[in-house]
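All ligand and atom numbering here is 1-based and tracks the order in the structure. Predicted model only: the values in this text are computed from it and were never measured. All values below were derived from every heavy atom in this structure, side-chain atoms included, with hydrogens, water molecules and symmetry-related copies excluded.
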Amino acid sequence: MYRFVYWLVLSRLPAEATHRVSFALLRALVTIPGVRAVLARWLVPRDAVLRVHAFGRELPGPLGLAAGFDKDARGVRALLALGFGFVEVGTLTAEPQPGNPSPRMFRLPRDRALVNRLGFNNRGAAAAASRLAHRTNGTVGVNIGKTKRVADSDAIADFTLSAEALAPFADYLVVNVSSPNTPGLRDLQAVAKLRPLLVAVRAACDRASPMRRVPLLVKIAPDLADADIDAIADLALELGLDGTAAKVDALGAGGLSGAPLKQRALDVLRRLRARTGTRLVLVAVGGIENGDDAWERIRAGATLVQAYTGFIYGGPLWPRRVHRELAARVRAAGFASIDEAIAADAAIARVS
Ligand SMILES: Cc1cc2nc3c(=O)[nH]c(=O)nc-3n(C[C@H](O)[C@H](O)[C@H](O)COP(=O)(O)O)c2cc1C
């Protein structure tokens, strides 16, 4: 059904317009009394085999929606009702900004991929914070980046502003230094620059949320050289970070997403796991299209997985399908739950 609608209508509209219209429709739909509850009852995973614990929380399933889809935290409740185990909003910047000129988002359907050079278009951290302050249930991560017009030398102060505004409402916070679309941002992945940035953001989170330690992650682009990935992994351990999101992007002008990233994202995940053991929560992202992909990442050391492109091509029932396929894989492997599979792999990782 979705494939037919996609072929008939959506694939003919520009990619960004399609996103805007379909997301607005979804948000409108869930304002109809009772609709959100019905969707949630139908789509949110209830199978105990899928339950997973991360960041001190219990999630109904390990598949989350990656950053970039709901940049301004406008549809969190609707997206959770589609069956995502968690939603990561953002990237948010301290100041509102329009992003790059259009067109800036492109489909590559034959490659099951997307290319974007959106440039962190968003309404700013303060607006998202006031929206997130009203949310009730579900797990929501918040991804922050640098405001484009701010000089690189002021990047730390800029990230700190966002962290202070958003940490109180974040179940986890992600420092995004992975995007190719903000000049200079990826230079922050160099350890000499990343260290003071992460120390400052950690302090900002603790100031803004003194009663609850907000888990802090860093999102890196695994087209980094292996030595740089190792250096960031070591830094994350040294600073007592909570996790790392490993994604691949940045091929040509803009970020590439989807199936072509699958192998490299998996390789980087394995590298991070080998380097950090079980001391970080690894969130795998990049090219996850089905339950097999999700299972492969979990067996490679991920606690959680995220996707964006798979959802675009798979449609609103896609999170449910992936979770169902994943549940079958967990059972077929003889585990009672994903937590149990993760614990078994962690035990092996500790002795090897
Ligand atoms: C249109 C689009 C916009 C994105 N915007 C962001 C963003 O604002 N912040 C971010 O951290 N990642 C962003 N991403 C990257 C995704 O979060 C994800 O890391 C990447 O798409 C790889 O996962 P996938 O292969 O499942 O799509 C964006 C991706 C796409 C396709």
So which of Arg329, Arg112, Lys262 actually passes salt bridge (Lys or Arg N to Asp or Glu O under 4.0 Å) with Asp293? Lys262
With atoms numbered from 1 as shown, which atoms in ligand 1 lie under 4.0 angstrom from a non-hydrogen atom of Leu118? 1 (C), 3 (C)
Number the atoms of ligand 1 from 1 as they appear, then name those within less than 4.0 Å of a heavy atom of Val285, with their elements. 18 (C), 19 (O), 22 (C), 23 (O)
Proximal atoms of ligand 1 relative to Asn143 (non-hydrogen, under 4.0 Å): 10 (C), 11 (O)
Ligand 1 contact by Gly255, heavy-atom criterion under 4.0 angstrom: no
Using a strict threshold of under 4.0 Å (side-chain N to carboxylate O), is an ion pair present between Asp47 and Arg331? yes
Please list, in number order, the atoms of ligand 1 under 4.0 Å from a heavy atom of Met105. 1 (C)
For the residue pair Arg36 and Thr31, confirm or rule out a side-chain donor-acceptor distance under 3.5 Å. no
Atoms of ligand 1 close to Gly287 [distance to a heavy atom under 4.0 angstrom, numbered from 1]: 24 (P), 25 (O), 26 (O)
Please determine if Arg264 and Asp226 form a salt bridge, counting it only when a charged side-chain N lies under 4.0 Å from a carboxylate O. yes
Is there a polar contact, in the sense of an N or O pair closer than 3.5 Å, between Tyr308 and ligand 1? yes
Run down the list Ile288, Val177, Asn176 and name the one with the heavy atom closest to atom 11 (O) of ligand 1. Asn176
Between Lys146 and Asp152, does any side-chain N to carboxylate O distance fall below 4.0 Å? yes
Judged by modelled atom types alone, do Asn122 and Thr91 share a side-chain donor-acceptor pair under 3.5 Å? no
Tell me the contacting part of Glu88 for ligand 1: side chain, backbone, both, or neither, using a 4.0 Å heavy-atom threshold, strictly below. neither
Could you go step by step and tell me if Val44 and Leu80 meet the side-chain contact (heavy atoms from CB on, under 4.5 Å) rule? CA-CA 7 Å; Val44 173; Leu80 288 168; over 6 Å; no
Using heavy-atom distances, let me know which of Ala113, Gly119, Gly68 sits nearest atom 4 (C) of ligand 1. Gly68
Would one find an N or O of Thr309, backbone or side chain, under 3.5 Å from an N or O of ligand 1? yes
salt_bridge(Arg51, Asp339) N-O dist < 4.0 Å: no
Applying a heavy-atom cut-off of 4.0 Å, say which part of Lys219 lies close to ligand 1: side chain, backbone, both or neither. side chain
Any donor-acceptor pair under 3.5 Å linking the side-chain atoms of Glu88 with those of Asn143? yes
Identity of the nearest option to atom 20 (C) of ligand 1, non-hydrogen atoms only, from Ala307, Ser257, Pro260: Ser257
Contact region, Thr91 to ligand 1, non-hydrogen atoms below 4.0 Å, reads both
